[in-house]
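Chain A is the first sequence line, chain B the second, and so forth, proteins listed ahead of strands; every chain is numbered from 1.
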Amino acid sequence: MRPQLLKVIILGDSGVGKTSLMNQFVNSRFNSQYKATIGADFLTKEVTVDNRLVTMQIWDTAGQERFQSLGVAYYRGADCCVLVYDVNNSKSFENLNNWRDEFLIQASPHDAERFPFVVLGNKIDVDESRRQVTQKRVLAWCQSKGNIPYFETSAKEAVNVQEAFAVVARNALQQEAEEQLYVDYPDPIQIDRESTQSYGCNC
Amino acid sequence: MYPEKSHRPCSSDGSLSLSIISSDSMVEIQRTQSEDRSTSVEEEKYRLLYSKSKVYVNPTAYARDNIPGFVALVKREAVNPTYLLAWIPESLLSEKGSGEWDKFVKIEEKAILDEEDEDAVLIDLPTQRPESYAFSVPLTSIYSLQVHPPTLSSWYGSIGINLISGSTLPTLHFHDDESISMTLPSRYARHNSANAYPPSTSSSSRPPTSWGGEDLLSRLRPYAHLLRSTLQPSLFIVDPSKADIDAHTTQIFDDDAVDDILAQSSYASSHSPVPAHLRPRPLSSPNAPTDTAPSPYSNRSSILHRALYPPSISTTQSNSQARMALLQSFSNITRATRYAAQNILSHPLAKPIVPHLPDPVRSLVNVHGDLEWGSWVEKGGVGEFESARVYLARWARIVAEEGDRARKREAQAVPSSSDLVEEISPLGVFELLHSTINLPSPSASRDPEHPVDEELWAKWFAEDGRPKVSIEEMKGQVFRRGITPRGTLRKKMWPFILGVHEWDVTSNERDKRWEEKRNRYHHIKDEWWGVPEVFDRSDILEERHRIDVDCRRTDRTQPLFSTAYEDATVDGKTGKNDRRFTTISPQTSDIGSQSPSNEHIDRLAGILLTYNFYDKELGESISSPLIYGIQREKPGYVQGMSDLCAPLYVVMSSDEELTFWCFVEVMKRMNQNFLRDQSGMKKQLMTLQELISVMDPDLYRHLEKTDGLNLFFCFRWVLIAFKREFPFDDVLRLWEVLWTDYYSNDFVLFVALAVLESHRDMILRYLVEFDEILKYCNELSMTIELDSTLAQAEVLFLSFAQLVADIERRRAEETSNSTNGVLRRRGTSTSGVKASLSKVAMPTLSDNLRDLLKAGR
Ligand SMILES: Nc1nc2c(ncn2[C@@H]2O[C@H](COP(=O)(O)OP(=O)(O)O)[C@@H](O)[C@H]2O)c(=O)[nH]1
Ligand SMILES: [Mg+2]
């Protein structure tokens with residue numbers, strides 16, 4: 001048996017900081033020398049959510065918006081999708097719609113309406129004057145998509161990264177529980193017959 | 001009256017005052033000294049230190065039979081106090097009246113454990129009654145705890161208690177939802193809906209522990225050392241001995257002697273570049289267990305074995321399940337103890353064993369082992385070696401046994417599909433051919449120790465610059481020997497290998513044509529350079545952003561790219577016109593959100609942008625239906641292109657025009673990888689898949705089972721020709737070999753096959769999920785030895801070519817035979833024809849596979 005595994009997919013335009021966020025969350029490190037992600041890779045981290053130890057498997061993808069269809073194999077079974085944009089780049093925000101649609105098509109979750117997304121506006125450490133996307137605008141979008149939780153983060157300065165992924169984990173766990181309803185019937189509690197039988201008599 | 005001493009002959013654990021009788025698994029508490037109570041009251045004081053309610057014992061599988069009770073930590077007051085772990089059913093407590101019950105509740109409510117507390121709560125440990133399951137045992141009599149936290153599928157966590165005597169106490173199930181201590185408001189985790197922004201940062205109300213069992217463990221910790229086993233993370237050893245610590249920190253097994261195993265494991269390979277499955281195998285697999293026999297491990301006693309084959313699982317029905325468990329735990333062990341294993345293998349005393357190890361284990365031998373041996377001798381001594389040997393030998397045996405069983409199983413397996421490759425032989429067509437027709441084993445021809453150097457290069461040309469050797473000869477030399485990294489020979493030779501320069505012309509002619517190309521480059525570049533209407537057009541802005549972002553994070557360890565512009569203002573706001581166009585980034589100034597750029601990075605970006613314009617021209621001129629069938633959208637810049645271009649820029653020592661034209665040639669070879677519909681990548685991975693199915697059916701079937709046939713774990717390898725898998729200098733050596741098209745235009749696929757083959761044992765035996773294989777392959781990056789991989793790729797190619805030739809020959813024979821047969825039987829039944837056709841068991845080779853034999857463009 002594998003331990004409880006939560007699969008999380010990070011999507012967003014190239015260069016918005018997906019790889020940096022993942023590394024900041026998992027390894028508490030920032031390295032300005034990350035290479036562009038080619039193909040896909042994942043990191044895992046054990047976290048405690050609602051008193052439960054779970055393993056998060058976080059999938060980092062190549063972010064070229066025109067070269068994205070690594071497809072179903074990566075998206076299948078996802079429990080939460082993290083959408084990342086760069087607050088200093090409005091185009092990357094405008095593309096969130098496409099990323100969300102793409103995800104829903106590829107992963108085709110049972111209940112697309114309620115599938116958990118989390119939106120991260122990254123690079124807030126950069127000078128305020130460069131900011132291109134207002135909070136109001138993002139919040140309006142998040143609201144229109146079913147109240148997606150939103151965080152403003154900096155992978156560089158480790159701002160809000162742990163907090164954001166804690167929410168990712170919790171929502172993923174809920175999603176996983178809901179998906180279970182579709183697939184199985186309850187596991188019978190395993191009783192170790194050998195050891196219990198011998199306790200019965202002998203009186 | 002007995003003198004006090006005689007009451008406690010081994011008073012250190014107080015086992016006399018409360019003796020545990022255990023017959024099989026029945027445990028009773030006996031008050032052996034009840035008649036002493038009046039005289040030795042001090043000894044009989046039991047102080048309740050900790051209690052937890054609603055801990056159940058489940059005597060049967062039915063929930064209605066579950067017995068609720070209290071688990072308690074009790075201190076027997078004495079000069080040498082004894083600490084006891086007890087479980088008392090509620091029924092026993094209530095018999096004693098509310099006073100006794102209240103004590104347990106009081107202690108449970110008191111969150112902190114305080115031995116020195118004034119008002120000690122003394123309890124009466126209940127007398128034993130076998131049917132009540134009650135127990136109390138000194139902590140010192142407990143060997144280990146099997147801890148299972150709650151999961152979504154089983155709500156209640158549990159703890160099993162194994163005694164040193166070998167018996168097991170009833171498993172305790174923690175019903176935290178009923179237990180007061182776990183439902184008290186202060187301990188209960190409150191989680192607000194996460195939808196609020198900004199997110200709440202308060203995490204102050206975290207419960208101290210997550211579930212009842214963990215709480216209990218934390219209470220035991222002050223009184224006993226609990227060692228969590230690395231082999232079996234749910235197992236906690238109580239006050240482990242030195243041997244336990246060894247066994248549960250690095251070692252895997254602790255039973256049986258092993259010396260004979262080393263001999264058995266000698267099936268493992270030599271240093272031949274031929275993949276293991278192509279080498280001869282032992283004819284017999286002695287005592288290989290059959291599938292219906294009990295698991296060979298079930299009668300062993302190590303904790304790992306017991307954990308892997310719990311008696312509750314019936315062996316016949318769940319053999320495959322148990323095997324899965326074994327493989328999975330091995331894959332975990334492999335990862336978790338990789339470094340430990342590396343160190344162990346680097347021990348000098350391990351040296352004689354290493355050649356006998358299977359490849360996957362051997363690959364753990366530290367490449368720099370020689371340097372570290374000294375320190376390991378000092379640290380470890382012979383003891384370390386003993387455990388290392390046991391560890392390795394057992395590992396080797398498991399691997400060997402697994403392999404034997406897998407082979408047996410496959411030999412018996414009914415082919416799952418009507419695939420001809422499978423029908424022909426479960427061992428694979430390849431081995432069949434080798435065994436029946438005795439083809440010579442091909443061998444590698446490479447000689448990377450003696451690369452082509454300036455002297456040899458000069459000898460290949462006549463006075464007028466016309467070469468004296470053929471271009472095939474030149475490429476063959478490069479394939480076998482490579483090019484010296486010294487000086488600038490690569491800069492001279494690469495344009496020839498790639499076809500930027502023509503081969504069979506005089507230097508005058510060549511110079512003239514080069515001049516044309518130079519001009520052509522600037523002509524294309526001028527489409528955007530200095531043309532704001534183009535340069536700042538929105539689609540170009542996006543393209544500039546994409547290119548810029550990637551160039552800033554490509555090969556930044558290369559000296560040309562490692563520095564930043566010295567003057568920060570350069571990165572943007574200078575008024576100079578040419579700076580305006582050298583800075584490809586669309587953001588006027590973006591210091592801080594990107595790695596800083598420099599002049600070479602900007603020039604690299606400019607080359608890629610220019611290629612965009614060249615490519616567009618090209619796209620328009622060649623997208624006629626005759627050439628491509630359908631017009632494919634040109635994708636423009638795609639991630640990965642900067643990785644292909646940067647090494648060219650470095651080797652061409654930042655010569656812009658040379659880099660550009662080399663890049664054009666590289667892209668001619670690779671642009672199918674970057675098509676928007678991904679058809680090119682799909683086709684290549686499909687071809688690789690077919691190649692695996694022919695060359696290594698075992699691996700193919702394994703990938704099929706693990707959902708890995710899409711070969712996405714080879715995606716990066718193929719997309720950018722292993723650029724990310726080797727150190728920069730090796731990439732240069734690999735690429736010049738690939739560009740020669742010496743054996744095959746798609747030699748890169750044979751390199752991919754070679755890498756997979758050298759890790760196939762590991763993949764087959766330990767990796768059972770798609771994501772595990774992906775992770776494993778991604779992590780091979782920078783660990784692959786280039787020359788042996790190329791040697792293996794060559795052997796694989798030659799073997800493949802032999803195979804194809806042989807299949808063709810046989811097919812020709814078969815068809816002529818069967819045509820004769822048809823002629824003879826003409827007019828009779830058609831079933832005869834069918835029968836003879838079905839004997840044609842040669843695999844059909846797809847066009848994709850046949851195309852692999854094409855060499856030279
Ligand atoms: N200032 C700043 N730069 C960042 C931050 N996160 C990432 N970057 C930089 O943005 C660039 C792209 O980051 P990367 O993680 O590779 O993005 P990805 O393509 O989305 O994976 C790199 O140069 C990072 O150093 C951040 O929070 N603040
Ligand atoms: Mg990335």
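- Taking each heavy atom of B:L719 and A:I38 in turn, the nearest pair found is CD2-CG2, 3.5 Å.
- Minimum heavy-atom separation, A:A62 to B:Q639: CB-OE1, 3.7 Å.
- Heavy-atom distances place the backbone of A:Y34, and not its side chain, under 4.5 Å from chain B.
- Counting non-hydrogen atoms of neighbouring residues, nucleotides and ligands closer than 6.0 angstrom, the CD atom of A:E157 exceeds 12 such neighbours.
- A:S14 and B:R553 make their closest contact through OG-NH2, 3.2 Å (heavy atoms, listed as atom of the first residue, atom of the second, distance).
- For a residue to count as touching a neighbouring chain, one of its non-hydrogen atoms must lie under 4.5 Å from one of that chain's; by this rule B:F713 does not touch chain A.
- Ion pairing between a basic and an acidic side chain is recognised when a charged N comes within 4.0 Å of a carboxylate O; B:D550 and A:K35 show no such pairing.
- Although no hydrogens or angles enter the test, the distance criterion places a donor-acceptor pair under 3.5 Å between the side chain of B:N778 and the main chain of A:A40.
- Atom CZ of A:R137 has more than 12 neighbouring heavy atoms from other residues, nucleotides or ligands inside a 6.0 Å radius.
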Problem - B:H545/A:N89 under side-chain contact (heavy atoms from CB on, under 4.5 Å): CA gap, chis, key distance, verdict - result: CA-CA 10 Å; B:H545 174 71; A:N89 179 338; 3.3 Å; yes
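- Within the 4.5 Å cutoff, the side chain of B:K775 has no heavy atoms near those of the A:T44 side chain.
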